Amino acid sequence: MAFRLCFPKINISGAGSLAEVPGELAARGLKRPVIITDETLVKFGLVAPLLEGLKAKGIEAFVYDGVVPNPTVPIVEAAYKVFVDNKCDAIIGVGGGSPIDTAKAVRILSANPGPITLYEGVGKVAKSGAFLAAVNTTAGTAAEVTSNAVITDPVAQVKMVIIDANIIPDISVNDSAMMTGIPVATTAATGMDALTHAIEAYVAKGAHVLTDYAALEAIRLISAYLPRAVENGQDLEAREMMAYGQFIAGLAFNSAGLGLVHAMAHQPGAVKDLPHGVCNAILMPLVEEFNRPYAVERFARIAEAMGVDVKGLSTEDASKAAIKAIRDLSATVGIPSGFAELGVTEGDFPLWVQKAQKDPCAPGNPVAATDEDILELYKKAL
Ligand SMILES: NC(=O)c1ccc[n+]([C@@H]2O[C@H](COP(=O)([O-])OP(=O)(O)OC[C@H]3O[C@@H](n4cnc5c(N)ncnc54)[C@H](O)[C@@H]3O)[C@@H](O)[C@H]2O)c1
Ligand SMILES: CCCCCCO
Ligand SMILES: [Fe+2]
Ligand SMILES: [Zn+2]
(Lines give C-alpha, C1' and ligand atoms only; values in the text may rest on other atoms or scores of the structure.)
(Ligands and ions follow the chains in the order given, each with its own letter.)
Protein backbone atom coordinates (compact mmCIF):
# COMPACT_ATOMS: atom_id res chain seq x y z
CA MET A 1 0.00 0.00 0.00
CA ALA A 2 1.32 3.49 -0.86
CA PHE A 3 2.79 5.49 2.07
CA ARG A 4 2.64 9.32 2.06
CA LEU A 5 5.45 11.16 3.86
CA CYS A 6 4.24 14.78 4.18
CA PHE A 7 5.91 17.83 5.77
CA PRO A 8 6.77 21.48 4.90
CA LYS A 9 9.08 22.23 1.94
CA ILE A 10 11.29 24.54 4.06
CA ASN A 11 12.12 23.89 7.73
CA ILE A 12 14.39 26.39 9.50
CA SER A 13 15.72 25.54 12.98
CA GLY A 14 18.31 26.57 15.53
CA ALA A 15 18.66 29.52 17.90
CA GLY A 16 18.06 32.80 16.02
CA SER A 17 15.99 31.25 13.21
CA LEU A 18 13.24 33.83 13.69
CA ALA A 19 15.42 36.38 11.89
CA GLU A 20 15.03 34.39 8.63
CA VAL A 21 11.26 35.00 8.38
CA PRO A 22 11.15 38.60 7.02
CA GLY A 23 13.50 37.66 4.18
CA GLU A 24 11.31 34.69 3.25
CA LEU A 25 8.28 36.98 2.88
CA ALA A 26 10.24 39.69 1.02
CA ALA A 27 11.60 37.07 -1.42
CA ARG A 28 8.00 36.20 -2.30
CA GLY A 29 6.88 39.83 -2.66
CA LEU A 30 4.52 39.49 0.31
CA LYS A 31 3.76 42.84 1.91
CA ARG A 32 0.87 42.56 4.40
CA PRO A 33 1.05 39.51 6.71
CA VAL A 34 -1.24 38.91 9.66
CA ILE A 35 0.66 37.59 12.69
CA ILE A 36 -1.53 35.20 14.69
CA THR A 37 -0.28 34.73 18.25
CA ASP A 38 -1.30 35.03 21.89
CA GLU A 39 -0.92 37.73 24.54
CA THR A 40 1.76 35.84 26.48
CA LEU A 41 4.04 35.67 23.45
CA VAL A 42 3.60 39.44 22.93
CA LYS A 43 4.15 40.14 26.65
CA PHE A 44 7.32 38.01 26.65
CA GLY A 45 8.65 40.22 23.83
CA LEU A 46 8.82 37.28 21.41
CA VAL A 47 6.85 38.99 18.61
CA ALA A 48 8.59 42.40 18.65
CA PRO A 49 11.80 41.24 16.87
CA LEU A 50 9.67 39.80 14.06
CA LEU A 51 7.75 43.07 13.68
CA GLU A 52 11.05 45.02 13.57
CA GLY A 53 12.53 42.64 11.00
CA LEU A 54 9.44 42.89 8.79
CA LYS A 55 9.40 46.70 9.07
CA ALA A 56 13.07 46.84 8.03
CA LYS A 57 12.00 45.04 4.82
CA GLY A 58 9.16 47.50 4.20
CA ILE A 59 6.56 44.92 5.19
CA GLU A 60 3.52 46.11 7.20
CA ALA A 61 2.31 43.41 9.60
CA PHE A 62 -1.04 43.22 11.45
CA VAL A 63 -1.25 41.37 14.77
CA TYR A 64 -4.06 39.21 16.15
CA ASP A 65 -3.02 38.16 19.69
CA GLY A 66 -6.35 36.79 20.93
CA VAL A 67 -5.51 33.08 20.73
CA VAL A 68 -5.94 31.04 23.94
CA PRO A 69 -5.03 27.37 24.61
CA ASN A 70 -7.45 24.93 22.95
CA PRO A 71 -8.51 27.61 20.39
CA THR A 72 -12.17 27.82 19.40
CA VAL A 73 -14.23 28.52 16.28
CA PRO A 74 -14.95 32.14 17.43
CA ILE A 75 -11.20 32.77 17.82
CA VAL A 76 -10.59 31.51 14.27
CA GLU A 77 -13.32 33.84 13.02
CA ALA A 78 -11.84 36.84 14.88
CA ALA A 79 -8.36 36.13 13.50
CA TYR A 80 -9.75 35.70 9.98
CA LYS A 81 -11.49 39.09 10.30
CA VAL A 82 -8.09 40.75 10.89
CA PHE A 83 -6.78 38.97 7.76
CA VAL A 84 -9.72 40.21 5.65
CA ASP A 85 -10.10 43.73 7.11
CA ASN A 86 -6.41 44.49 6.47
CA LYS A 87 -6.30 42.88 3.02
CA CYS A 88 -3.49 40.60 4.20
CA ASP A 89 -1.51 38.50 1.73
CA ALA A 90 0.25 36.12 4.12
CA ILE A 91 -0.13 34.48 7.53
CA ILE A 92 2.53 34.02 10.23
CA GLY A 93 1.58 31.85 13.20
CA VAL A 94 3.77 32.56 16.23
CA GLY A 95 3.40 30.36 19.30
CA GLY A 96 2.60 26.82 20.25
CA GLY A 97 0.00 24.56 18.72
CA SER A 98 -2.83 26.91 19.62
CA PRO A 99 -1.74 29.95 17.55
CA ILE A 100 -0.34 27.74 14.77
CA ASP A 101 -3.59 25.75 14.46
CA THR A 102 -5.52 29.03 14.45
CA ALA A 103 -3.23 30.29 11.68
CA LYS A 104 -3.84 27.09 9.70
CA ALA A 105 -7.60 27.58 10.07
CA VAL A 106 -7.34 31.18 8.85
CA ARG A 107 -5.34 29.89 5.89
CA ILE A 108 -8.21 27.48 5.08
CA LEU A 109 -10.73 30.34 5.15
CA SER A 110 -8.44 32.51 2.97
CA ALA A 111 -9.25 30.25 0.01
CA ASN A 112 -12.24 28.13 0.97
CA PRO A 113 -15.76 29.14 2.08
CA GLY A 114 -16.57 29.22 5.81
CA PRO A 115 -17.50 28.19 8.42
CA ILE A 116 -14.36 26.36 9.61
CA THR A 117 -16.54 23.51 10.96
CA LEU A 118 -17.02 22.41 7.31
CA TYR A 119 -13.44 21.12 7.30
CA GLU A 120 -13.55 18.72 10.28
CA GLY A 121 -12.21 15.35 9.23
CA VAL A 122 -9.86 14.22 6.48
CA GLY A 123 -9.19 15.71 3.03
CA LYS A 124 -11.88 18.42 2.91
CA VAL A 125 -9.64 21.45 2.17
CA ALA A 126 -9.79 21.97 -1.61
CA LYS A 127 -7.36 24.92 -1.89
CA SER A 128 -4.22 25.58 0.18
CA GLY A 129 -4.73 29.38 0.45
CA ALA A 130 -2.42 32.17 1.59
CA PHE A 131 1.31 31.70 2.31
CA LEU A 132 1.79 30.38 5.86
CA ALA A 133 4.93 30.52 7.99
CA ALA A 134 4.65 28.70 11.34
CA VAL A 135 7.03 29.93 14.04
CA ASN A 136 6.85 27.33 16.79
CA THR A 137 7.61 28.33 20.38
CA THR A 138 6.79 25.16 22.36
CA ALA A 139 8.30 21.65 22.22
CA GLY A 140 5.73 20.52 21.47
CA THR A 141 2.90 19.68 19.28
CA ALA A 142 4.89 19.84 15.99
CA ALA A 143 1.88 21.74 14.62
CA GLU A 144 4.44 23.70 12.58
CA VAL A 145 5.02 20.63 10.37
CA THR A 146 1.73 18.70 10.39
CA SER A 147 -1.31 18.37 8.14
CA ASN A 148 -3.53 18.88 11.18
CA ALA A 149 -5.36 21.68 12.95
CA VAL A 150 -7.30 21.16 16.18
CA ILE A 151 -10.08 23.69 16.78
CA THR A 152 -12.66 23.42 19.55
CA ASP A 153 -16.29 23.69 18.49
CA PRO A 154 -17.81 25.17 21.68
CA VAL A 155 -21.34 24.27 20.59
CA ALA A 156 -20.64 20.57 20.01
CA GLN A 157 -18.01 20.69 22.83
CA VAL A 158 -15.55 18.71 20.74
CA LYS A 159 -12.00 19.33 19.58
CA MET A 160 -12.47 19.15 15.82
CA VAL A 161 -9.46 17.65 14.03
CA ILE A 162 -8.91 18.97 10.51
CA ILE A 163 -6.49 16.80 8.53
CA ASP A 164 -5.34 17.81 5.05
CA ALA A 165 -1.90 18.15 3.42
CA ASN A 166 -3.14 21.49 2.04
CA ILE A 167 -2.77 23.04 5.51
CA ILE A 168 0.88 22.04 6.02
CA PRO A 169 2.76 25.35 6.54
CA ASP A 170 4.99 26.53 3.66
CA ILE A 171 7.78 27.23 6.15
CA SER A 172 8.32 25.90 9.67
CA VAL A 173 10.60 27.72 12.11
CA ASN A 174 11.95 26.30 15.39
CA ASP A 175 13.98 28.96 17.20
CA SER A 176 15.03 27.42 20.54
CA ALA A 177 16.10 30.85 21.81
CA MET A 178 12.36 31.69 21.88
CA MET A 179 11.69 28.70 24.16
CA THR A 180 13.74 29.52 27.27
CA GLY A 181 10.79 31.30 28.90
CA ILE A 182 8.25 28.50 28.55
CA PRO A 183 6.81 27.99 32.07
CA VAL A 184 7.80 24.74 33.83
CA ALA A 185 4.30 23.20 33.69
CA THR A 186 3.99 24.03 29.96
CA THR A 187 7.49 22.66 29.29
CA ALA A 188 6.46 19.40 30.95
CA ALA A 189 3.05 19.18 29.27
CA THR A 190 4.27 19.98 25.76
CA GLY A 191 7.25 17.65 26.19
CA MET A 192 4.97 14.78 27.15
CA ASP A 193 2.72 15.61 24.17
CA ALA A 194 5.78 15.25 21.94
CA LEU A 195 6.67 11.91 23.58
CA THR A 196 3.10 10.75 23.01
CA HIS A 197 3.39 11.66 19.33
CA ALA A 198 6.59 9.63 18.98
CA ILE A 199 5.37 6.57 20.89
CA GLU A 200 1.92 6.52 19.28
CA ALA A 201 3.51 6.90 15.82
CA TYR A 202 5.95 4.05 16.54
CA VAL A 203 3.23 1.55 17.53
CA ALA A 204 0.49 2.88 15.22
CA LYS A 205 -1.09 0.69 12.55
CA GLY A 206 0.36 3.20 10.05
CA ALA A 207 3.95 2.90 11.35
CA HIS A 208 6.42 2.63 8.46
CA VAL A 209 10.16 2.20 7.99
CA LEU A 210 10.19 5.81 6.72
CA THR A 211 8.91 7.07 10.10
CA ASP A 212 10.19 4.47 12.59
CA TYR A 213 13.70 5.97 12.69
CA ALA A 214 12.23 9.43 13.43
CA ALA A 215 9.91 8.12 16.14
CA LEU A 216 12.70 6.23 17.95
CA GLU A 217 15.15 9.15 17.76
CA ALA A 218 12.44 11.51 19.04
CA ILE A 219 11.79 9.16 21.98
CA ARG A 220 15.53 9.14 22.72
CA LEU A 221 15.93 12.92 22.55
CA ILE A 222 12.79 13.74 24.56
CA SER A 223 13.57 11.15 27.26
CA ALA A 224 17.10 12.53 27.62
CA TYR A 225 16.42 16.27 27.44
CA LEU A 226 12.89 16.90 28.80
CA PRO A 227 13.95 16.48 32.47
CA ARG A 228 16.81 18.95 31.85
CA ALA A 229 14.50 21.51 30.19
CA VAL A 230 12.04 21.21 33.10
CA GLU A 231 14.89 21.47 35.64
CA ASN A 232 16.39 24.57 34.03
CA GLY A 233 14.50 26.44 31.31
CA GLN A 234 17.65 28.40 30.46
CA ASP A 235 19.44 25.16 29.45
CA LEU A 236 19.76 26.10 25.76
CA GLU A 237 21.07 22.68 24.70
CA ALA A 238 18.07 21.00 26.31
CA ARG A 239 15.68 23.50 24.69
CA GLU A 240 17.32 22.95 21.31
CA MET A 241 17.24 19.15 21.55
CA MET A 242 13.60 19.26 22.70
CA ALA A 243 12.77 21.44 19.68
CA TYR A 244 14.38 18.82 17.42
CA GLY A 245 12.80 15.92 19.29
CA GLN A 246 9.27 17.30 18.99
CA PHE A 247 9.91 18.24 15.34
CA ILE A 248 10.96 14.73 14.30
CA ALA A 249 8.13 13.26 16.37
CA GLY A 250 5.90 15.43 14.17
CA LEU A 251 7.51 14.05 10.99
CA ALA A 252 6.68 10.58 12.29
CA PHE A 253 3.10 11.01 13.45
CA ASN A 254 2.09 13.26 10.58
CA SER A 255 2.47 10.28 8.26
CA ALA A 256 2.18 7.26 10.59
CA GLY A 257 -0.78 8.59 12.56
CA LEU A 258 -1.57 8.51 16.27
CA GLY A 259 -3.80 6.33 18.42
CA LEU A 260 -6.08 5.93 21.38
CA VAL A 261 -4.09 8.17 23.75
CA HIS A 262 -4.83 11.18 21.56
CA ALA A 263 -8.39 10.10 20.77
CA MET A 264 -9.13 9.90 24.51
CA ALA A 265 -7.04 12.97 25.49
CA HIS A 266 -8.93 15.26 23.12
CA GLN A 267 -12.12 14.88 25.18
CA PRO A 268 -10.95 16.42 28.51
CA GLY A 269 -9.11 18.99 26.39
CA ALA A 270 -12.37 20.05 24.74
CA VAL A 271 -14.78 19.76 27.66
CA LYS A 272 -12.60 20.78 30.63
CA ASP A 273 -10.10 22.95 28.69
CA LEU A 274 -7.22 20.92 30.21
CA PRO A 275 -3.73 21.23 28.67
CA HIS A 276 -3.35 18.81 25.75
CA GLY A 277 -0.02 17.40 26.93
CA VAL A 278 -1.27 16.79 30.47
CA CYS A 279 -4.24 14.78 29.15
CA ASN A 280 -1.90 12.73 26.95
CA ALA A 281 0.58 12.12 29.76
CA ILE A 282 -2.06 10.91 32.24
CA LEU A 283 -3.52 8.47 29.68
CA MET A 284 -0.32 7.32 27.99
CA PRO A 285 0.93 4.66 30.45
CA LEU A 286 -2.57 3.18 30.77
CA VAL A 287 -3.30 3.04 27.05
CA GLU A 288 0.19 1.80 26.19
CA GLU A 289 -0.15 -1.01 28.78
CA PHE A 290 -3.41 -1.88 26.96
CA ASN A 291 -1.51 -1.88 23.65
CA ARG A 292 1.71 -3.55 24.86
CA PRO A 293 0.71 -7.22 24.38
CA TYR A 294 0.03 -6.43 20.69
CA ALA A 295 3.41 -4.73 20.07
CA VAL A 296 5.81 -6.37 22.55
CA GLU A 297 8.92 -6.10 20.39
CA ARG A 298 8.25 -2.43 19.59
CA PHE A 299 7.76 -1.55 23.26
CA ALA A 300 11.05 -3.31 24.04
CA ARG A 301 12.73 -0.95 21.54
CA ILE A 302 10.92 2.01 23.12
CA ALA A 303 12.37 1.01 26.50
CA GLU A 304 15.86 1.05 24.99
CA ALA A 305 15.27 4.46 23.36
CA MET A 306 14.09 5.80 26.74
CA GLY A 307 17.44 4.82 28.24
CA VAL A 308 16.38 1.61 30.02
CA ASP A 309 19.22 -0.95 30.37
CA VAL A 310 17.51 -3.89 28.66
CA LYS A 311 20.61 -6.16 28.72
CA GLY A 312 19.61 -9.54 30.10
CA LEU A 313 15.88 -8.69 29.97
CA SER A 314 13.49 -10.82 27.94
CA THR A 315 11.61 -8.94 25.22
CA GLU A 316 8.48 -9.25 27.35
CA ASP A 317 10.18 -7.75 30.41
CA ALA A 318 11.82 -5.02 28.34
CA SER A 319 8.39 -4.11 26.93
CA LYS A 320 7.01 -3.82 30.45
CA ALA A 321 9.99 -1.63 31.39
CA ALA A 322 8.86 0.82 28.69
CA ILE A 323 5.54 1.39 30.46
CA LYS A 324 7.38 1.97 33.74
CA ALA A 325 9.78 4.39 32.02
CA ILE A 326 6.85 6.40 30.64
CA ARG A 327 5.24 6.55 34.10
CA ASP A 328 8.55 7.52 35.75
CA LEU A 329 9.28 10.29 33.22
CA SER A 330 5.78 11.73 33.68
CA ALA A 331 6.28 11.80 37.45
CA THR A 332 9.79 13.27 37.14
CA VAL A 333 8.50 16.24 35.13
CA GLY A 334 5.61 16.79 37.53
CA ILE A 335 2.57 15.75 35.50
CA PRO A 336 -0.49 15.14 37.74
CA SER A 337 -1.01 11.38 38.20
CA GLY A 338 -4.75 11.44 37.46
CA PHE A 339 -7.72 13.44 36.19
CA ALA A 340 -9.51 13.54 39.56
CA GLU A 341 -7.32 16.38 40.83
CA LEU A 342 -8.21 18.28 37.63
CA GLY A 343 -11.96 18.28 38.23
CA VAL A 344 -12.88 15.24 36.14
CA THR A 345 -15.50 12.77 37.46
CA GLU A 346 -16.83 9.41 36.29
CA GLY A 347 -19.95 11.19 35.07
CA ASP A 348 -17.88 12.72 32.27
CA PHE A 349 -16.87 9.40 30.81
CA PRO A 350 -19.92 7.92 28.95
CA LEU A 351 -20.01 10.86 26.50
CA TRP A 352 -16.20 10.93 26.20
CA VAL A 353 -16.18 7.23 25.28
CA GLN A 354 -18.50 7.91 22.34
CA LYS A 355 -16.48 10.95 21.18
CA ALA A 356 -13.14 9.15 21.54
CA GLN A 357 -14.41 6.31 19.33
CA LYS A 358 -15.23 8.90 16.63
CA ASP A 359 -11.93 10.84 16.97
CA PRO A 360 -9.77 10.51 13.79
CA CYS A 361 -6.80 9.42 15.93
CA ALA A 362 -8.58 6.29 17.20
CA PRO A 363 -8.24 4.10 14.05
CA GLY A 364 -4.43 4.41 14.21
CA ASN A 365 -4.25 2.49 17.49
CA PRO A 366 -2.51 -0.91 17.11
CA VAL A 367 -5.54 -2.66 18.60
CA ALA A 368 -9.23 -1.71 18.46
CA ALA A 369 -10.74 -0.80 21.82
CA THR A 370 -14.35 -1.49 22.76
CA ASP A 371 -16.48 1.11 24.54
CA GLU A 372 -15.94 -0.91 27.72
CA ASP A 373 -12.15 -0.90 27.23
CA ILE A 374 -12.15 2.89 26.86
CA LEU A 375 -14.43 3.39 29.85
CA GLU A 376 -12.14 1.22 32.00
CA LEU A 377 -9.10 3.17 30.83
CA TYR A 378 -10.74 6.51 31.68
CA LYS A 379 -11.67 5.19 35.14
CA LYS A 380 -8.07 4.07 35.76
CA ALA A 381 -6.94 7.58 34.76
CA LEU A 382 -8.97 9.33 37.46
N1 LIG B 1 -1.81 20.59 14.79
C2 LIG B 1 -1.33 19.53 15.38
O3 LIG B 1 -0.75 18.62 14.75
C4 LIG B 1 -1.44 19.42 16.87
C5 LIG B 1 -0.81 18.37 17.53
C6 LIG B 1 -0.93 18.29 18.93
C7 LIG B 1 -1.67 19.24 19.62
N8 LIG B 1 -2.27 20.25 18.93
C9 LIG B 1 -3.05 21.29 19.61
O10 LIG B 1 -2.15 22.32 20.06
C11 LIG B 1 -2.71 22.97 21.23
C12 LIG B 1 -1.69 22.95 22.35
O13 LIG B 1 -0.53 23.65 21.89
P14 LIG B 1 0.76 23.74 22.87
O15 LIG B 1 0.79 22.53 23.72
O16 LIG B 1 1.92 24.06 22.03
O17 LIG B 1 0.43 24.97 23.85
P18 LIG B 1 -0.28 26.38 23.57
O19 LIG B 1 0.01 26.90 22.21
O20 LIG B 1 -1.71 26.20 23.95
O21 LIG B 1 0.48 27.31 24.66
C22 LIG B 1 0.35 26.95 26.04
C23 LIG B 1 0.76 28.15 26.88
O24 LIG B 1 2.18 28.36 26.76
C25 LIG B 1 2.47 29.72 26.40
N26 LIG B 1 3.68 29.74 25.59
C27 LIG B 1 3.85 29.18 24.37
N28 LIG B 1 5.12 29.36 23.94
C29 LIG B 1 5.77 30.05 24.93
C30 LIG B 1 7.10 30.53 25.09
N31 LIG B 1 8.04 30.30 24.16
N32 LIG B 1 7.42 31.20 26.24
C33 LIG B 1 6.46 31.38 27.20
N34 LIG B 1 5.17 30.96 27.11
C35 LIG B 1 4.85 30.29 25.98
C36 LIG B 1 1.23 30.19 25.65
O37 LIG B 1 1.11 31.59 25.72
C38 LIG B 1 0.11 29.46 26.40
O39 LIG B 1 -0.27 30.23 27.53
C40 LIG B 1 -3.95 22.17 21.60
O41 LIG B 1 -5.09 22.82 21.10
C42 LIG B 1 -3.73 20.83 20.88
O43 LIG B 1 -4.95 20.18 20.57
C44 LIG B 1 -2.17 20.37 17.56
C1 LIG C 1 -4.33 12.13 13.27
C2 LIG C 1 -3.75 13.51 13.54
C3 LIG C 1 -4.48 14.27 14.60
C4 LIG C 1 -3.61 15.30 15.26
C5 LIG C 1 -4.25 15.83 16.50
C6 LIG C 1 -3.24 16.03 17.59
O7 LIG C 1 -3.83 16.51 18.77
FE1 LIG D 1 -3.41 16.06 19.83
ZN1 LIG E 1 -0.63 15.85 20.63
Side-chain angles (χ1 to χ4, degrees), residues 6-67 76 78-112 125 127-138 140 142-147 149 165-180 240 243-244 247 250:
C6 307
F7 46 86
K9 201 158 40 176
I10 298 174
N11 301 279
I12 307 169
S13 58
S17 307
L18 180 69
E20 303 283 307
V21 176
E24 292 292 341
L25 269 78
R28 292 167 175 79
L30 297 167
K31 294 245 176 284
R32 299 171 67 85
V34 60
I35 295 174
I36 296 175
T37 187
D38 65 41
E39 282 177 357
T40 306
L41 273 291
V42 175
K43 197 173 73 188
F44 273 55
L46 294 168
V47 179
L50 175 60
L51 288 169
E52 284 148 29
L54 290 165
K55 194 170 173 207
K57 297 272 183 195
I59 296 172
E60 185 181 10
F62 303 87
V63 179
Y64 172 78
D65 63 1
V67 178
V76 169
Y80 179 58
K81 187 170 183 317
V82 174
F83 177 87
V84 173
D85 290 355
N86 293 288
K87 298 182 175 48
C88 292
D89 58 7
I91 303 161
I92 307 174
V94 180
S98 295
I100 292 176
D101 282 358
T102 305
K104 287 175 170 179
V106 169
R107 181 193 205 177
I108 292 170
L109 297 177
S110 73
N112 304 275
V125 181
K127 296 181 191 146
S128 63
F131 172 87
L132 171 62
V135 180
N136 173 50
T137 65
T138 64
E144 76 280 8
V145 303
T146 71
S147 321
N166 271 336
I167 69 172
I168 294 177
D170 295 286
I171 293 183
S172 80
V173 178
N174 269 287
D175 183 341
S176 45
M178 296 176 81
M179 301 178 185
T180 54
E240 184 136 14
Y244 298 147
F247 176 89

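Computed over heavy atoms, backbone and side chain alike; hydrogens, waters and symmetry mates excluded. Source: prediction; values computed, not measured. Throughout, numbering of the chain's residues begins at 1 and tracks the sequence.
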Hey, what do you get for [atom1] ([X]) to [atom2] ([Y]), rounding to the nearest 0.5 Å?
X    : Y    : atom1 : atom2 : answer
L30  : I59  : CG    : CD1   : 7.5 Å
I91  : I35  : CD1   : CD1   : 12.0 Å
I167 : T146 : CD1   : OG1   : 6.5 Å

If you take all heavy atoms of [X] and [Y], which pair is closest and at what distance?
X    : Y    : answer
P169 : P8   : O-CB, 3.3 Å
A79  : V106 : CB-CG2, 3.7 Å
T137 : G96  : OG1-N, 3.4 Å
K104 : A143 : NZ-O, 2.7 Å

Within the 4.5 Å heavy-atom criterion, are [X] and [Y] side-chain neighbours or not?
X    : Y    : value
V76  : I108 : no
N86  : V34  : no
S110 : F83  : yes
M178 : L18  : yes
L54  : I92  : yes
I36  : V82  : no
P22  : L50  : yes

Quiz item: Applying side-chain hydrogen bond (donor to acceptor under 3.5 Å, both in side chains), which residue pairs with at least one partner in residues 167-176 are found, sequence neighbours left out?
Solution: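 Output for this query lists N11-S172, R107-D170, N136-N174, E144-N174, N174-Q246.
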Quiz prompt | Pairs touching residues 19-48 that satisfy salt bridge (charged side-chain N to carboxylate O under 4.0 Å, His left out), sequence neighbours left out | solution =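 Pairs touching residues 19-48 that pass the test: E24-R28, R32-E60.
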Exercise. Would you check if the side chain of S17 reaches a backbone N or O of V173 as a donor-acceptor pair within less than 3.5 Å?
Key: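 The answer is no, because no donor-acceptor pair under 3.5 Å joins these two groups.
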Practice problem: Spell out, as yes or no, whether a donor-acceptor pair under 3.5 Å connects the side chain of K57 to the backbone of L25. | Solution: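 No: the side chain of K57 does not pair with the backbone of L25.
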